[in-house]
Amino acid sequence: MPTDVNLTKQLKNYFGFDKFKGDQEAIIRNVLDGNDTFVLMPTGGGKSLCYQLPSLIMEGTAIVISPLIALMKNQVDVINGMSEEEGVAHYLNSSLNKAAIDQVKADIISGKTKLLYVAPESLNKDDNVEFLQTVKISFYAIDEAHCISEWGHDFRPEYRNIRPTIQRIGVAPVIALTATATDKVRTDIKKNLGILDAKEFNSSFNRPNLYYEVRPKTNDINKQIIRFIKQNAGKSGIVYCLSRKKVEELAADLCANDIKAAAYHAGLESAKRSETQDDFLMERIDIIVATIAFGMGIDKPDVRFVIHYDIPKSLEGYYQETGRAGRDGGEGKCITFYSYKDLQKLEKFMEGKPVAEQDIGRQLLQETAAYAESSVCRRKMLLHYFGEEYKPDNCGNCDNCLHPKKKIEGRDLLVIVLKAIAAIKENFRTEYVVDFVKGRATDDIVSHKHDQLEEFGSGEDENDKLWNPVIRQALIAGYIKKDVENYGLLKLTAAGKRFIKHPESFMIVEDTEFKDDYEEENSEGGGALDMELYAMLKDLRKQMSAKLKVPTYVIFQDVSLEQMATMYPITLEEMQNIQGVGSGKAKRYGKEFCELIKLHCEENEIVRPEELRVRTVAKKSILKVKIIQGIDRKIDLEEIAKAQGLDFDDLLNEIEAIVYSGTKLDIDYYIDDVMDEDHVDDIYEYFKESDTDDLDAALDELGEDYAEEDIRLVRVKFMSEMAN
């Protein structure tokens, strides 16, 4: 391929751009010259153009190995959309049927297809290898190449078989591209792909338009997120959660608060995922709530914020996920919620994995925790992690720089650390060094006889909380480095050795302390009980009871009235946030109660708690729906319990909660099957006459001929028919 090809003209012809970004042109020329190429380019830097343009110019078909089916489809659509005819780009993966696969192969053989996207799993299939052996391959592009490395944040074993498969298909130049890779990962990628001599192109990781902030994770996290989204109404955003369950729950809470949001994770059907992506790209929805583990193939330039509900497993993952914000150079807010409990949870997930993998995972987690807890400029820390120096002391676009902490002198502390690292022969990690300077005689330290060294305990009188920030900031300042091959071992640099001999001022900032008051099952807080309002609500309930000729508990239970007198709901929507009040009960009885509460608030100038302005969806809503569906289909209650993994008593608890909150359930089909008709009538009449629904009172009154389970079943029937 001649190197004098007019690339700017080709760029304009195919893509409509007038000029290249950054290293794009140099990278493309290197590929056109038939050389192996390694590209490290941050998200939004224009990586895909580096293989798309040369593929359109060169003879043959380029094989693009990509991990995400969604991203393949997106990119194939983009390339085909620029071309006059279909088939210039294709993908080959498990989502295609035989007819579609035959069409792809026909287009490749005819020479029409210049770009073929394949997942690594598809590339390794024998029938695909045999077919590709008959095709002229221009080059191989490995996108998201960090997946190759065991240190990468999205490790896939199939990626490590790429080189042997290339050897089988036919050797051609290789271009490896990634948006996130430390020195360790870069070396691992090149070694595994057999391209150690590849020319490297490393772009800056700095995204000046992104604002980074870490907030403590507290029990009102959902409310904080909802308020943040409302303050940024109409803007596109992504919220990352660790688990599918949390994704579903949060997406439901957002929708309940009139936010156009949808869930997105690997457990959804492929058609549903595609529909959600399209809705996001076409702006039919504003927010996607996604699992961290499941990468989204969404290339949307105007995502205005990325929120991490849970701390990510690695800084590579964090950088890539936050990198989805502000790709167009506009505003991009990156908010992360951090709790030490989340770290413990992630460590627990590693149990049962091979020891080496656990060790790697913990090291990556520690880097993430260090980033979250540090009071140093976030940009400086992030770029240092990727081997790039960021010189300014204040970036002006992260929480630590906008609200800087007071600096303290750390010269003597740094000397202690540097001497300690030298004394233990530069062969240990941060936590070992901290234990050593603190004089903690751990089993590990004693077994190495390091407790006998003069430097052992040299920092025992200093504040425990200072050692981690000293080490982290010494790394950034270049006095210490981490061994790339033996990840995490602390080594002295030449500057560090000089510092021991000639110490100078070394100003540090202490870490941020995160109080761990986040509980997974967060309960709705409230203020003090308004006794005057509570008495008025009870009086209203009594009047309605007499008028409607139903017991008072059928209308609302005491616990519901107590919450009303604490939370002051004044609309039927707000009323549904009250315990034991569903939409049916709110519509049937709620209007008079809301009017009374509103009048009371106005007359007494009561400022209502903000909590009610954020609506939440009950955690058990999915189970509730399944139980209601089962009863609607008249499935035996014992079968429903078994299918949901409940014992019968627990199922009755759930059914009672559903009925008491105002949803009508018809369980006559089950009662008729298992109970005597006279018994049913006796129990029903008891509840009709009684002024309480208390189970113990019913057992006392009805006598030992009536089983507790039977009374509960008829109570459900009574409440459903009378109250709902």
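This structure is a prediction, so every number in the text was calculated from the model and none was measured. For the numbers below, each heavy atom of this structure counts, side chains included, while hydrogens, waters and symmetry mates do not.
- Contact check for R362 versus E347: side-chain heavy atoms found under the 4.5 Å cut-off.
- A salt bridge is absent between K199 and D36; no separation between the charged side-chain nitrogens and carboxylate oxygens falls under 4.0 Å.
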Exercise. Quick one: do R186 and L40 satisfy side chain to side chain contact (heavy atoms under 4.5 Å, CB included)? Show the steps, please.
Key: CA-CA 9 Å; R186 282 205 286 276; L40 180 62; 3.0 Å; yes
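- Separation of atoms OG1 (T430) and CD1 (I471) is listed at 5.0 Å; rounding is to 0.5 Å.
- Considering only heavy atoms from C-beta on, S505 comes within 4.5 Å of E409 through its side chain.
- For an aromatic pair to be called close, the ring centres must be under 6.0 Å apart, and F386 with F205 satisfies this.
- Taken from CD in Q224 to CZ in R215, the straight-line distance is 5.5 Å, to the nearest 0.5 Å.
- Side-chain N/O atoms of T442 and D444 include no donor and acceptor closer than 3.5 Å.
- Remark: the backbone N or O of A325 is paired with a side-chain donor or acceptor of R207 at under 3.5 angstrom.
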Practice problem: Determine, step by step, whether M41 and I27 satisfy the side chain to side chain contact (heavy atoms under 4.5 Å, CB included) criterion, reporting the C-alpha distance in whole Å, the side-chain angles of both residues, the deciding distance to 0.1 Å, and the verdict. | Solution: CA-CA 11 Å; M41 192 180 280; I27 292 164; 3.8 Å; yes
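- Looking at T336 and V306, their side chains never come closer than 4.5 Å, going by heavy atoms from C-beta outward.
- Proximity of a side-chain donor or acceptor of R429 to a complementary backbone N or O of L489 within less than 3.5 Å is not detected.
- Side-chain N/O atoms of Y432 and H450 include a donor and acceptor closer than 3.5 Å.
- Side-chain atoms of I480 and V417, non-hydrogen and from C-beta on, do get closer than 4.5 Å to each other.
- Relative to the six-membered ring of F305, K235 misses at least one condition, a distance below 6.0 Å or an angle of at most 45° to the axis.
- Between the N400 side chain and the S374 main chain, a donor and an acceptor come within less than 3.5 Å of each other.
- By the 4.5 Å heavy-atom criterion applied to side chains, E200 and K190 are counted as neighbours.
- Of all heavy-atom pairs spanning E373 and Y340, the tightest one is OE2-CD1, 4.4 Å.
- To the nearest 0.5 Å, the span separating CG on L383 from SG on C377 amounts to 8.0 Å.
- Counting only N and O atoms by type, the side chains of Y240 and R324 include a donor and acceptor under 3.5 Å apart.
- Checked by atom type, the side-chain pair E316/Y385 shows a donor-acceptor distance below 3.5 Å.
- Heavy-atom minimum distance, L7 versus L53: O-CD2, 4.4 Å.
- Partner of V239 under the side chain to side chain contact (heavy atoms under 4.5 Å, CB included) criterion, out of V247, I288, I287: I287 alone.
- Between E283 and K300, at least one side-chain N (NZ, or NE/NH1/NH2) sits under 4.0 Å from a carboxylate O, which counts as a salt bridge.
- In this structure, K191 does not pair ionically with D188, as no charged nitrogen and carboxylate oxygen lie closer than 4.0 Å.
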Self-check item: Worked check of side chain to side chain contact (heavy atoms under 4.5 Å, CB included) between E431 and Q366
Solution: CA-CA 10 Å; E431 54 274 34; Q366 279 169 14; 3.5 Å; yes
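- Counting only heavy atoms from C-beta outward, the side chains of K333 and F228 approach each other to under 4.5 Å.
- In this structure, the side chain of D435 does not engage the main chain of I445 through any donor-acceptor pair within 3.5 Å.
- Defined by atom type and a distance below 3.5 Å, a donor-acceptor pair is present between the side-chain atoms of T178 and H146.
- Pairs passing the ring pair (Phe, Tyr, Trp, His ring centres under 6.0 Å) check and including a residue from residues 362-381, sequence neighbours excluded, read Y318-Y371.
- Using a 4.0 Å cut-off between a side-chain N of Lys or Arg and a carboxylate O of Asp or Glu, E367 and K313 do not qualify as a salt bridge.
- Q24 CD to S203 OG: the interatomic distance, rounded to the nearest 0.5 Å, is 8.5 Å.
- Listed by first and then second residue, the salt bridge (charged side-chain N to carboxylate O under 4.0 Å, His left out) pairs involving residues 463-477 are K438-D464, R440-D464, K465-E513, R472-D511 (not counting sequence neighbours).
- Tested against D310, the residues K345, K217, K246 include a single side-chain hydrogen bond (donor to acceptor under 3.5 Å, both in side chains) partner, K217.
- The main-chain N or O of K9 is found under 3.5 Å from a side-chain atom of N6 such that the two form a donor-acceptor pair.
- A donor-acceptor pair shorter than 3.5 Å can be found between the side chains of N30 and T37.
- A donor-acceptor pair shorter than 3.5 Å can be found between the side chains of R379 and N206.
- In this structure, the side chains of W467 and I416 come closer than 4.5 Å at one or more pairs of heavy atoms.
- Of all non-hydrogen atoms in G326 and R304, the two that sit nearest each other are CA-NH1, 3.8 Å.
- Here the shortest heavy-atom pairing between A369 and L343 reads CB-CD1, 3.5 Å.
- Annotation: side chain of I175 is in contact with side chain of F139 (closest heavy-atom distance under 4.5 Å).
- Put simply, the side chain of H384 never gets that close to the backbone of Y390: no donor and acceptor are under 3.5 Å apart.
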